[in-house]
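First up is the structure itself, then whatever we jot down about it.
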Amino acid sequence: MATNRFQLVGSLLRTPELLKYKRAIEKRDDITYPFYDDFPGYQATETAAIKQVVKDQLDHGISVITDGEYSKSMWHLDFIWGLQGVERYIADHGYTFEDHDGSAYETRKDIGVRITAPLSGKGHHFIDIFKELKALAPNQTIKTTVWGAAHAYTELSIFDHLYGDDQVYQTAADLRDGLINAYKEFLTEYKAAGGEIIQFDDCLWELFASDNQQSFFKGDDNKVAGLADEFITINNAVADYGHQLGLKVWTHNCRGNYASRHAAGGSYTTIAKKFLGEQHYDRFFLEWDDERAGDLAALKVLQNRPEVEVVLGLLSSKQAELDDEDRVRRLLNRAATILDKNRLYLSHQCGFASCDEGNELTIDQQWAKIDQGERLAEEFWQS
């Protein structure tokens with residue numbers, strides 16, 4: 001396993017050549033994932049961009065490689081689009097994020113999902129992308145990033161209500177079980193293809209935080225607690241299966257990352273016992289780039305889980321400016337008083353382009369921030 005103490009969450013800013021196709025995809029729902037047949041030249045452009053971004057990562061000393069998520073349109077939905085039994089469409093509204101001035105900001109609208117047949121994770125396009133990466137970087141550690149199962153279930157069941165008498169799945173429990181099975185099918189083929197690390201990305205934990213004023217889950221505390229328990233049970237079912245296969249199973253959590261905007265508040269303080277203490281992940285990538293995350297004392301719940309590693313997202317991928325190095329050093333030192341220094345890593349709070357358009361900085365600024373993170377990590381862990 002790689003020892004570089006600076007880690008990338010996953011996504012990197014897309015090139016202008018690739019964005020031309022991605023913007024066209026966003027506006028159409030008469031096309032079929034992965035969209036190669038719908039746009040002549042798209043696959044060749046994507047392949048060339050992935051080849052270059054792998055080289056860029058290696059040139060900058062990145063030790064765990066991804067495709068920069070260049071093969072995705074959005075950090076989460078591409079995985080669902082790639083399941084058998086799913087149809088994509090342009091919805092009436094996008095997701096709601098908080099704009100820089102505090103007003104509502106609407107995202108792209110190609111977020112609609114219909115379930116048209118029992119879900120299956122077999123033959124997923126992500127396996128093809130993984131094989132492509134293995135060929136480009138045969139001696140490197142590679143990870144694949146996938147939408148967290150419980151977050152996917154929550155969106156499909158609670159938000160979209162894709163079950164009922166007129167649906168493929170009659171009950172929420174049927175939908176849950178079908179989705180978990182699809183994830184297991186995907187993981188089986190991922191492991192068979194040579195996969196070693198799977199990272200589940202997840203943005204819903206903070207909806208259960210009592211100090212999150214933007215949560216959808218307000219009201220009956222017992223109902224909220226029950227939802228949290230179900231959420232963790234789903235994630236653990238998938239994580240445990242990954243472990244049975246011999247995979248390293250990681251997770252990344254943040255509060256939303258779209259065009260340098262966030263979706264929610266909520267600290268780790270009120271949810272750490274459950275979401276850090278009870279989820280069966282080997283490594284947690286956690287967002288700690290501003291005060292919304294709360295105090296690092298939340299890490300104390302992991303003191304009795306010495307096998308678990310934590311990647312501290314103290315740096316920001318949302319801002320063009322380099323990060324405050326004194327703040328990063330101070331928080332790294334503070335974290336090392338809570339957990340052993342050798343269990344910790346450093347990263348940005350999220351990727352640089354969770355969706356195609358990316359955050360509000362240039363590619364050159366992105367790599368300058370990555371270089372800064374690597375330098376800070378080397379300074380801290382070699383001291």
Side-chain angles (χ1 to χ4, degrees), residues 9 75-76 95-105 107 148 150-151 153-155 158-159 200-236 251-258 260-279 281 284-305 308 310-319 323-324 327-328 330-332 334-335 337-339 344 347-350 354:
V9 172
W75 65 273
H76 59 325
Y95 298 113
T96 299
F97 275 61
E98 183 176 309
D99 211 341
H100 299 313
D101 62 1
S103 63
Y105 180 92
T107 72
H151 188 165
Y153 169 73
T154 302
E155 186 155 326
I158 296 176
F159 299 160
F200 292 110
D201 295 331
D202 197 332
C203 292
L204 283 192
W205 305 359
E206 284 73 23
L207 293 183
F208 299 96
S210 59
D211 55 0
N212 179 11
Q213 299 307 308
Q214 296 153 306
S215 176
F216 305 114
F217 301 152
K218 291 289 184 183
D220 187 339
D221 289 343
N222 290 328
K223 182 177 181 180
V224 172
L227 285 171
D229 288 338
E230 183 176 26
F231 194 100
I232 290 171
T233 297
I234 292 169
N235 280 344
N236 283 345
T251 191
H252 164 250
N253 169 258
C254 76
R255 295 159 183 78
N257 180 47
Y258 190 97
S260 291
R261 292 158 175 86
H262 67 262
S267 73
Y268 288 118
T269 306
T270 63
I271 60 172
K273 183 176 180 181
K274 183 165 292 290
F275 284 88
L276 296 182
E278 296 182 14
Q279 295 198 96
Y281 295 116
F284 289 87
F285 286 71
L286 303 176
E287 178 184 63
W288 241 298
D289 63 326
D290 63 26
E291 69 283 349
R292 286 175 302 139
D295 194 274
L296 287 169
L299 296 173
K300 290 180 179 179
V301 301
L302 293 172
Q303 288 176 331
N304 63 348
R305 296 183 64 189
V308 174
V310 174
V311 185
L312 295 167
L314 304 177
L315 305 165
S316 176
S317 69
K318 294 179 178 177
Q319 301 171 358
D323 288 88
D324 180 343
R327 174 185 177 272
V328 174
R330 182 177 71 253
L331 292 177
L332 284 173
R334 163 76 169 135
T337 68
I338 300 171
L339 298 178
L344 302 174
S347 74
H348 294 89
Q349 95 294 342
C350 194
S354 299

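Side-chain atoms are counted along with the backbone in the values below, which use heavy atoms only and exclude waters and symmetry mates.
- Looking at T96, its side chain never comes within 3.5 Å of a backbone N or O of A104 through a donor-acceptor pair.
- The closest donor-acceptor contact from the side chain of D323 to the backbone of S316 lies under 3.5 Å.
- F208 and F275 have their aromatic ring centers within a separation under 6.0 angstrom.
- D211 contributes no side-chain N or O that, together with a main-chain N or O of G294, makes up a donor-acceptor pair within less than 3.5 Å.
- In this view, N304 satisfies the side-chain contact (heavy atoms from CB on, under 4.5 Å) rule with no residue, not counting sequence neighbours.
- With ring centers used as reference points, W205 lies 6.0 Å or more from H252.
- In terms of modelled atom types and a separation under 3.5 Å, the side chain of H348 and the main chain of S317 share no donor-acceptor contact.
- Side-chain atoms of D324 come within 3.5 Å of backbone atoms of R327 as a donor-acceptor pair (strictly under, hydrogens ignored).
- In summary, the aromatic rings of F200 and H76 are positioned with their centroids too far apart to meet the 6.0 Å limit.
- Considering every non-hydrogen atom in both K274 and A228, the closest pair reads CD-CB, 3.7 Å.
- Using a cutoff of 4.0 Å between basic side-chain nitrogens and carboxylate oxygens, K318 and D289 are not scored as salt-bridged.
- A donor-acceptor pair under 3.5 Å is formed between the side chain of R255 and the backbone N or O of G266.
- Ionic pairing of E98 and R261 is not present here: no N-O contact between side-chain nitrogen and carboxylate oxygen is shorter than 4.0 angstrom.
- Residues Q279 and F284 have side chains in contact (heavy-atom distance under 4.5 Å, counting atoms from C-beta outward).
- Panel note: side chain T154, backbone A150; a donor-acceptor pair is recorded below 3.5 Å.
- The pair R334-D295 meets the salt-bridge criterion, since a charged nitrogen lies less than 4.0 angstrom from a carboxylate oxygen.
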